Structures are given as C-alpha cells and as structure tokens.
Engineer: 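Got a structure for you, questions after.
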Amino acid sequence: MVSQVSTHAGYLDDILARHHHRTNQLLQVLIEAQAHYGYIHTSAIDYLSLQLQLPRAQIEGVASFYSFLYLQPHGDYRVLFSDNITDRMLGNMDLMLSLCKQLWVEPGKISEDGLLFVSTTSCTGMCDQGPALLINNIAINQLTGERINEICVLIRERVPLLEWPAEYFEIADNIRRSDILLGSNFQSGRSLTALLQRGTAETLQQIKVSRLRGRGGAGFSTGMKWELCQAATGREHFVVCNADEGEPGTFKDRVLLNRYADMVFEGMTLCARIIGAKRGFLYLRGEYRYLLEPLLSVLQGRREKNLLGTSILGNNDFNFDIEIHLGAGAYVCGEESALIESLEGHRGTPRNRPPFPVTHGYLNQPTVVNNVETFAATCLIAQNGGAWYAGIGTDTSSGSKILSVSGDCERPGLYEYPFGVTVAQVLSDCGAKDTQAVQISGPSGVCIAAGEFQRRIAFDDIPTAGAFMVFDQSRDMFEVARNFVHFFAHESCGFCTPCRVGTSLLSNMMDKLSQGHGSACDLVEIEKLNLLLQSTSHCGLGHSACNPVLDTIAKFKPAYDIRLTHKEFTPAFDLDSALSQARQMTGRDDAGAHLRECE
Amino acid sequence: MNNPTFTLDGKTIPFTEGQTIIQAAIAASVYIPHLCFNPEFKAHGSCKLCTVKANGRKTASCTAQPQPDMIVESNIQELNDERRALLQMLFVEGNHFCPSCEMSGQCQLQATAYELNMMSPHFDHFFPDRPLDASHPEYLLDFNRCILCSLCVQASRDVDGKNVFALAGRGINSHLIVNASQLAETGFSGDDKAAHVCPVGVILKKRVGFVVPVGQRKYDLLPISALAKGD
Amino acid sequence: MPVPAKLRVATTSLAGCFGCHMSILDIDERLLALLELIEFDRSPLTDIKHCGPCDIGIIEGGVCNAENVHVLREFRANCKTLIAIGACAINGGLPAQRNHLSVSTILNEVYQTQHGLVGGFIPNDPELPLLLDKVHPIHEVVKIDYFIPGCPPSADAIWKVLTDLLAGKTPELGHGLISYD
C-alpha cells in the first residue's frame with residue numbers, strides 16, 4: 001500500500017506542482033496523470049484527494065465523466081476509431097474489425113495480454129480526411145486497410161508511438177475557399193494597436209456596428225455580450241475561448257488554431273481589454289491534444305512581442321494572459337456553462353440559467369465565452385472597422401462563415417463564404433454530385449433535402465456552427481439519423497431525466513427499427529419521445545437530440561417505412577436469441593427450444 | 001406594501017424577490033409535482049417533473065423566478081402527460097420493485113406516480129445491475145432506486161460537511177458513489193442530514209423496515225398533492 | 001330490447017403467483033353481478049386450456065420462458081382488449097429480480113452447485129419450457145391496452161377497472177386504489 005502510494009506520488013507531485021495544487025486544475029491534473037500512468041489508479045485518486053483536499057468521490061466523479069479518462073487499466077495502446085457518419089461512410093467499421101481481428105481483441109474490451117484497447121469515439125474533427133482514429137489521444141487520419149495492417153505490426157511489436165512514421169500524424173488544413181478571414185494577411189499586434197488608438201469604448205462600438213454574431217451556432221450578438229460583461233460587476237473578469245469543437249462534422253477550429261492561432265489569441269486580447277479581464281482560457285477539446293504544444297509556442301511568441309503578459313504594448317494598465325485547458329472527450333462541454341464547470345475542474349454539467357456567464361461565469365465572475373471563429377473575426381473588425389464588416393454578408397448575418405465540408409464530395413475541407421451563400425453554391429464548389437441531403441450544423445442542426453438547396457446560410461434561414469455534411473443518393477438517411485442519435489445518447493451528461501433516459505430510449509428505438517423489429521407503434525413512440533426531449537430537457541443537447549430524427553422522418557419517411565416490417569407491435573429483442581443461453585445449458589435444439597418472431 | 005403576484009392555474013400567488021415559482025406556490029399551499037426539489041435545499045433542477053408553462057414557455061419551476069403578472073400553467077393535461085412520461089423514464093431506468101421496498105407508501109417517486117395516474121412504466125426496462133452496499137452497521141444503500149436527485153450529495157456536503165456522496169459516470173451510466181470503497185468506511189452516520197433526505201428508497205435505516213402497517217403509511221393516508229409542500 | 005351478449009373474458013397467470021387471481025376472487029359477491037355481464041373463457045376458474053375469441057384478456061405475471069410467450073401471443077391474438085394485472089405483468093416483479101444474473105449462472109446454481117445437492121443435472125426434457133435470458137413485463141412482448149398495478153391490486157381496483165371498461169370508459173384509479181404494492 002505504502003509503495004503503491006509512493007509510486008503515484010512520484011509523478012503526481014510534479015504534475016501537482018505544475019498546477020500549483022489548484023483544485024480548479026483537477027481535470028488538467030487527471031489528464032496528465034493518465035498520460036503518465038496509462039490510467040488513473042485508485043491510489044492516485046487517494047493521493048490527489050490528500051494533496052488537493054478534495055473528497056475522493058468528487059475526484060472519481062470528475063474522472064468518470066470524461067470519455068478519455070479511465071479508472072481501470074486500458075492497455076498500453078488505446079485505439080479509438082472516430083465514429084461520425086462520415087467515418088462510417090468511409091468504411092471505419094471494417095477497418096476497426098480488421099484491426100481487432102489481427103490483434104485478437106474485441107471492440108470495447110481490453111486485450112487479454114493488456115496490450116491494447118479498441119473502441120469507437122465521437123467525431124474527432126477529421127471528417128475531411130477520414131476515416132480517423134485516436135491512439136493514446138493522438139490523431140491518425142486517412143486510414144486505409146494497408147495503414148491498419150502497418151499499425152497492427154507496430155502495436156504487436158510494441159513500438160513506442162514516438163517512433164511511428166511521422167506521416168501517420170500529418171494533418172492537412174484543406175482550405176478550399178478563403179474569404180475575408182482565411183484570406184486576411186493577419187499581422188500580430190495590428191488589431192491591438194488599432195484598439196489602443198481607437199480606445200476601448202469606440203472599439204466596442206465598432207464591434208456592435210459590425211453586427212457580428214457568435215459563430216458557435218446560437219448567434220448571440222458579440223458586441224452586446226461584451227458590453228453586458230463589461231458592465232457586470234465582479235472581483236475579476238474572464239475571457240474564454242470555446243475550442244471544444246465537438247459537433248460532428250465540424251473541423252474549422254482545428255484549422256483556425258493550427259494556422260490562425262495568433263489571430264484568435266489577439267481577438268481574446270481585444271475582448272480582455274474591453275471587458276477588463278486579466279486572465280483568459282482557451283478550452284481545447286481533447287481530440288485536438290496535438291495542437292497544445294504549437295499553441296503554447298504561439299502564446300510564448302506573443303509574450304515575447306509584448307502582445308500578451310504585463311504592460312501589453314507598453315500600457316501599464318493592460319495586463320492579460322491566456323492559459324490552455326484541455327478537454328477529455330465530452331461534447332456537452334461545448335455548452336458554455338458546462339465548459340465553465342469543466343474549466344473549474346468539475347463534471348461538465350450545464351448550469352441552471354439564468355444567471356448567464358456574462359454576469360456569473362468562471363468562478364461566478366463576469367465571463368465572455370466566444371467561439372474560436374468569433375474571436376478571429378473581431379480582429380478583422382478592429383482593423384477595418386464595423387461598417388466595413390457589416391457591409392459583407394446579409395442584413396441579419398454580417399461577415400463571413402467558415403464551413404467544414406465533408407461527406408460525398410470531391411473536395412472536402414474548409415470553405416469560407418460571405419453569409420447568404422446558397423447550399424447549392426457550396427455543393428457545386430465542393431464537387432458534390434447526385435446529392436440527396438446535407439446535414440448543416442451537425443446532428444443538432446438541420447437536414448436539408450434536395451428541394452431546399454436554394455436556401456441560404458444565414459441566421460434567418462439556415463444558421464450553422466459550420467458543419468456541412470453531404471450525402472449522395474446512395475446513402476440511407478435512416479442510418480444517418482441513427483448514427484446521430486447514438487452520438488447524443490453517448491454524450492448526454494446525465495443530469496436531467498429527459499435527456500439522460502430519453503436519448504438512450506431513442507437510440508434503442510432506432511436500433512429496434514434497424515434490427516427489423518419495427519412496427520407502426522414504434523414510430524408513434526419515437527415521435528412522442530422527440531417532443532418530450534424538446535420540451536423538457538435541461539440544455540441544448542437534449543433539445544436538439546431528436547432533430548436528426550424529426551428532420552429525416554419529415555423528409556425521408558420511406559427510409560423509416562421500409563423498417564416498419566411488422567403489422568403488430570414486436571419486441572425490441574429477439575425472442576429466439578433470448579433462449580440461446582438456456583438451449584446451450586440444456587443441450588436442447590428441438591422445436592420447443594425455439595421461438596419464431598411471429599406466430 | 002403589496003407583494004407582486006403571478007397566476008398559477010388561475011389562482012393568484014404572491015411572491016417575494018428571489019423566490020422561484022415553486023417556492024411561491026408551496027408558500028401558497030399549491031402543489032406542483034417535483035422530486036429533486038426539497039424546500040430546504042438549493043434547487044438542483046434535474047428531474048424536470050416541476051416543469052410548468054410560464055407565459056407559454058416551458059421551464060423548471062424550481063429554478064425559474066416568477067415575473068409580476070406572469071401566467072403560469074401547471075396542472076394541465078399536456079404537462080401532466082409529460083410528467084408521467086418522465087416518471088416512467090425514472091421507473092425503467094432503475095429497478096423499482098415497490099412490493100419489496102421498505103419505502104413503499106412513503107416514497108415520493110411512487111406517490112407522485114400515483115398522483116399522475118401512472119398505470120405502467122410504458123417503456124422497455126433497462127434492468128441495470130446495481131449492487132447494494134450493506135457495509136454500514138446502521139444503514140443500507142440500495143442504488144437500484146436512485147433517481148440522481150443529488151439531495152444526499154448536497155446534504156452531506158453543505159449541511160453535514162462530510163462529502164459522503166457524489167455522482168459519477170455520465171449519461172445513462174450516471175450513478176451515485178460514496179467517498180470510500182463502501183459506506184462503512186466513510187464518516188456517514190444516522191444523525192447526518194444526508195440520512196434523511198432521500199426521496200426514494202436508496203438510503204435506508206436498518207431494522208426498521210415495514211414497521212408502519214400498510215394503510216397507515218404517509219401516502220396511504222393522503223395523496224402527495226394534499227400534503228401541499230409535497231414532501 | 002334484446003339482451004346484450006355477455007362479454008367473454010379470459011384470464012391467465014404467466015410468471016406470477018396467482019395472487020392477482022386471488023384478488024379477482026376477492027371481488028366477492030360482486031362476482032355475481034359481474035357474471036351477469038361476462039362469461040369466462042380460458043381461465044384457472046374454468047380450466048379451459050386454450051383461449052378462443054374474447055373481448056377481454058387479463059394477464060398476471062411476467063414473461064420468463066418460452067411457454068409464457070406462446071400463451072401471451074395466444075391471448076393477444078384472441079382478445080380484443082388485453083389487460084396486464086399486477087406488478088409482475090407490469091414490470092417483471094419478483095421473478096425479474098433474477099435479471100442481473102445470467103441464465104447459466106442460475107441453472108448451474110439451482111441444479112448443480114447448490115449446497116446439499118448431489119448428482120444434480122440441468123433438466124433437458126422438451127416438456128419443460130426454456131428460460132428467457134431476462135424476465136420481461138408483458139408490454140415489452142405484445143401490445144397491452146390497460147394496466148392494473150398492485151401486488152396484488154385490490155379487489156376494488158380490479159372491480160373499478162372492469163366496471164369502467166364495461167361502461168365504455170377509460171379506466172381510472174384514484175388515490176387509495178392505485179397502488180404498486
């Protein structure tokens with residue numbers, strides 16, 4: 001026991017020291033503890049409990065909330081196949097089964113020799129270059145049968161990840177169409193200089209004039225958010241950049257953070273100056289762990305240029321710095337209040353609102369939470385003025401929007417357009433052919449059928465956080481919806497009854513249809529569940545969990561109808577298989593030892 | 001000075017600054033179905049049973065504050081149908097075998113289901129496997145009945161200062177844990193507030209089960225709605 | 001006015017204890033009034049072995065084995081209205097407490113490894129229905145129209161539901177009649 005504790009104290013002391021023994025850093029400490037030891041040992045929890053003065057149950061509660069943290073051994077190699085519908089369309093399941101077969105392991109289980117664990121995970125944000133996987137939280141894309149064979153050899157020979165071929169880990173930006181943001185020739189510090197020349201009040205005015213709205217999907221006015229936060233009283237104000245880009249099919253923030261991080265950080269610094277914040281956080285989803293070191297060096301570069309830190313650009317009263325926090329596999333943390341809970345080292349449960357983060361955010365202090373793309377856009381406004389920005393796009397939706405295009409098209413990747421672009425235009429630009437449907441803004445967004453391709457990307461028509469998944473005529477829209485429903489069930493935080501239980505019931509119902517046990521009664525049930533989830537859930541996850549089903553029932557009803565194969569209600573489980581254990585134990589196989597599905 | 005008022009199902013309800021809809025309703029002896037809400041604690045807002053329509057918008061009445069002259073609807077068929085469905089979800093999520101439960105007749109989940117005329121659990125059962133914790137000499141934990149209201153978590157943390165309980169897991173795998181490998185190893189005691197807040201039958205005092213005869217138990221005598229506070 | 005035909009009612013117990021049937025008998029002298037309106041088809045009361053076309057079927061107990069499935073299907077096929085009566089039919093009840101154990105564990109323990117058992121073996125007689133891996137409430141196997149909860153439901157609750165149905169009303173049980181134990 002003593003030696004157990006000292007084993008863990010050895011590495012935990014370093015980690016704790018790096019995080020100044022702050023309880024708010026609990027999630028970060030746990031992530032690093034697992035990176036070191038492979039999982040979070042129960043003695044490690046005991047030691048952290050002692051050192052951080054936190055109940056061990058609270059630590060266990062936090063660790064067990066996040067998909068990427070393990071409380072039991074999970075092998076030396078933890079292989080998680082991205083399981084977005086776009087990965088499915090590219091054959092991820094066959095690849096996973098091939099890997100499992102070659103390495104003698106069952107999906108979802110740890111191999112008998114403890115070498116590896118193979119399972120699936122929610123979209124890893126690599127839809128433009130899938131199928132994708134994460135191995136010990138590092139992304140490998142463009143999987144092929146050949147690459148899987150190679151990976152099997154590397155794992156079997158226990159080659160450390162650092163010695164794996166570098167090209168496995170290459171990630172392309174795939175910028176296909178640039179506009180004002182992706183095409184800007186951003187120079188560090190220019191927006192800040194403009195801010196200092198113009199003054200904070202006037203810069204805020206410019207943001208308001210620009211009519212910039214949040215790019216995370218909800219579209220709240222950025223100027224108003226900053227103004228509300230500035231006006232809110234508190235001990236301290238905070239700026240938070242939401243880089244928990246978890247909506248399946250979205251990957252624009254990955255590229256922005258890879259190539260435009262300086263601009264994003266400068267946008268955060270603008271906000272800090274306006275609302276009076278000294279500290280900011282970038283909450284980086286665990287799937288983008290590989291971006292951490294590059295981002296830290298961008299931050300360091302900015303400090304060296306006096307664009308971050310104390311007395312920014314020589315102003316004694318302008319002090320601001322940014323920390324990066326990692327997520328660990330929890331889509332719900334993209335909801336701003338859940339994100340704040342996670343930043344504070346808690347389970348990522350959305351808070352009761354109001355109060356809203358602008359008055360009661362991080363540590364209950366006034367906090368601005370904005371999307372990566374929103375912060376980047378504010379730099380353009382600071383430099384070029386609000387009127388210039390407002391002149392781009394449409395009346396309700398100024399500026400540009402970056403779309404993450406994936407699925408059935410020739411050129412997946414990022415496409416930036418002024419707001420107001422038609423779906424048809426995007427489809428033509430990305431080389432989509434024979435398109436049946438487009439899922440816009442991910443599973444929580446809308447499914448657009450061919451008759452609606454003249455509709456526009458704009459807040460008053462099709463609002464979007466950026467995902468644009470294309471499905472051609474060969475795709476089964478029921479299976480698309482089923483994949484999304486499974487996603488929501490997996491990502492439900494479990495706080496409120498309707499979402500915790502309802503998303504699981506809904507995914508069981510969709511599985512029932514998929515397994516050929518469906519009847520008209522089931523469709524009625526599905527529709528009732530949808531309404532309940534929409535009207536009583538605690539947060540947007542529950543509200544939108546049924547969107548894919550509602551949309552596909554409305555627009556692709558035949559895909560459901562063919563699955564309602566029974567006239568009468570039929571059990572969700574297979575009756576004959578339910579007898580198989582008893583058959584095995586008794587050795588019987590006579591007619592009475594079987595049940596037909598119907599009589 | 002007159003307090004501002006709102007109307008709840010046509011009845012005028014006074015309220016004071018900072019009160020939530022359900023607090024004002026309870027003060028006026030009007031019942032709104034609820035499970036995770038306990039007047040002695042900060043609202044958790046998770047069970048969603050207390051959802052009402054406030055000026056036409058659905059919201060949890062345990063966290064929403066009334067506005068002057070707000071029109072609140074609660075006892076209407078649309079909401080009661082939804083509440084029944086939420087109860088049914090709770091019943092299939094855990095293992096709720098009332099005939100063998102010591103809390104039967106004194107359980108808020110059961111009494112609320114009676115109130116809302118829940119004749120069956122409707123959905124397919126999950127039948128989760130949740131072992132008991134009988135380690136403590138005085139108390140038994142039967143996790144099969146947990147509805148994740150987290151009242152015991154709050155009570156132990158905020159009143160008892162002990163942090164005996166916490167929620168773990170995520171989604172449908174969410175569950176209650178104790179601050180050690182079993183209850184006996186925590187500082188839990190029968191004098192704790194946490195020992196007396198469970199609205200269902202998870203935290204049970206040993207050797208006193210079934211002492212109240214059927215017919216004389218709390219909710220045998222009066223429906224939960226008649227006990228206006230609804231506890 | 002012609003005398004209306006009596007409604008035909010069938011009853012059975014699947015994985016149940018016949019407690020609900022005892023409660024039906026507890027209707028006491030009201031049974032006589034009831035028998036003016038109904039007649040029994042398959043039921044432990046008549047010993048008729050198979051259900052013919054009926055207006056109402058009343059089922060006690062959950063579904064734990066293959067035979068339960070056949071009987072339940074026979075009732076569903078023949079009864080216009082199917083009623084689940086009692087805790088076991090409604091949520092599996094006591095028999096469903098085995099659902100966290102595997103059938104192999106149960107059969108092994110009961111027939112082979114149980115303390116004091118010598119030379120035991122798992123019976124394989126085709127006459128014996130095979131166990132399902134889980135005990136299910138009957139609404140998970142066929143469509144059920146009405147439910148009378150209770151363990152068992154009181155005679156008054158049963159009376160209320162049946163008379164409501166006979167009067168063409170949706171059955172409703174108020175405080176005191178609705179009970180899960």
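All chains are named by letter (A, B, ...) in the order of the sequence lines, taking the proteins before the strands, and each is independently numbered beginning at 1. All values below were derived from every heavy atom in this structure, side-chain atoms included, with hydrogens, water molecules and symmetry-related copies excluded. Since the structure is predicted, the reported quantities are computational estimates derived from the model, not experimental observations.
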Engineer: Would you call the rings of C:H139 and C:F147 parallel, tilted or perpendicular, where under 30° means parallel and over 60° means perpendicular?
Structural biologist: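 If you compare the ring of C:H139 with that of C:F147, the planes turn out perpendicular.
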
Engineer: Report yes or no: do B:Q110 and B:S104 form a side-chain donor-acceptor pair below 3.5 Å?
Structural biologist: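 B:S104 and B:Q110 do have a side-chain donor-acceptor pair below 3.5 Å.
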
Engineer: Do C:S102 and C:T105 have side-chain N/O donor and acceptor atoms under 3.5 Å apart?
Structural biologist: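 Short answer, yes.
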
Engineer: Can you tell which part of B:N95 gets under 4.5 Å to a heavy atom of chain C, answering side chain, backbone, both or neither?
Structural biologist: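 When you check distances to chain C, no heavy atom of B:N95 falls under 4.5 Å.
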
Engineer: Using 30° and 60° as the class limits, which term best fits the ring planes of B:Y139 and B:H136: parallel, tilted or perpendicular?
Structural biologist: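 Correct class here is perpendicular.
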
Engineer: Considering only heavy atoms, which portion of B:S120 lies under 4.5 Å from any heavy atom of chain C: side chain, backbone, both, or neither?
Structural biologist: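 Interface part for B:S120: both.
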
Engineer: Given a strict heavy-atom distance threshold of 4.5 Å, which part of C:V141 is in contact with chain B: side chain, backbone, both, or neither?
Structural biologist: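 C:V141 has no heavy atom closer than 4.5 Å to chain B.
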
Engineer: If the plane angle is over 60° it's perpendicular, under 30° parallel, otherwise tilted; pick one for B:F127 and B:H125.
Structural biologist: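 Rings of B:F127 and B:H125: parallel, as their planes differ by under 30°.
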
Engineer: Please determine, among B:D129, B:L221, B:V92, the option with the most heavy-atom pairs under 4.5 Å with chain C.
Structural biologist: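 Option with the top pair count is B:D129.
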
Engineer: So which of B:M118, B:E115, B:H96 has the biggest tally of heavy-atom pairs under 4.5 Å with chain C?
Structural biologist: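 Of B:M118, B:E115, B:H96, B:M118 has the most heavy-atom pairs under 4.5 Å with chain C.
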
Engineer: Would you mind checking which part of B:A113 comes under 4.5 Å of any heavy atom in chain C, side chain (CB onward), backbone (N, CA, C, O), both or neither?
Structural biologist: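 Contact with chain C is through both the backbone and side chain of B:A113.
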
Engineer: Is chain B contacted by the side chain of C:N99, its backbone, both, or neither, given a heavy-atom distance below 4.5 Å?
Structural biologist: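 The answer is the side chain of C:N99.
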
Engineer: Please flag which part of B:F123 lies under 4.5 Å from any non-hydrogen atom of chain C: side chain, backbone, both or neither.
Structural biologist: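 Contact with chain C: backbone only.
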
Engineer: Counting only heavy atoms from other residues, nucleotides and ligands, does the tally under 6.0 Å from CD of C:E39 exceed 12?
Structural biologist: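 Enclosed.
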
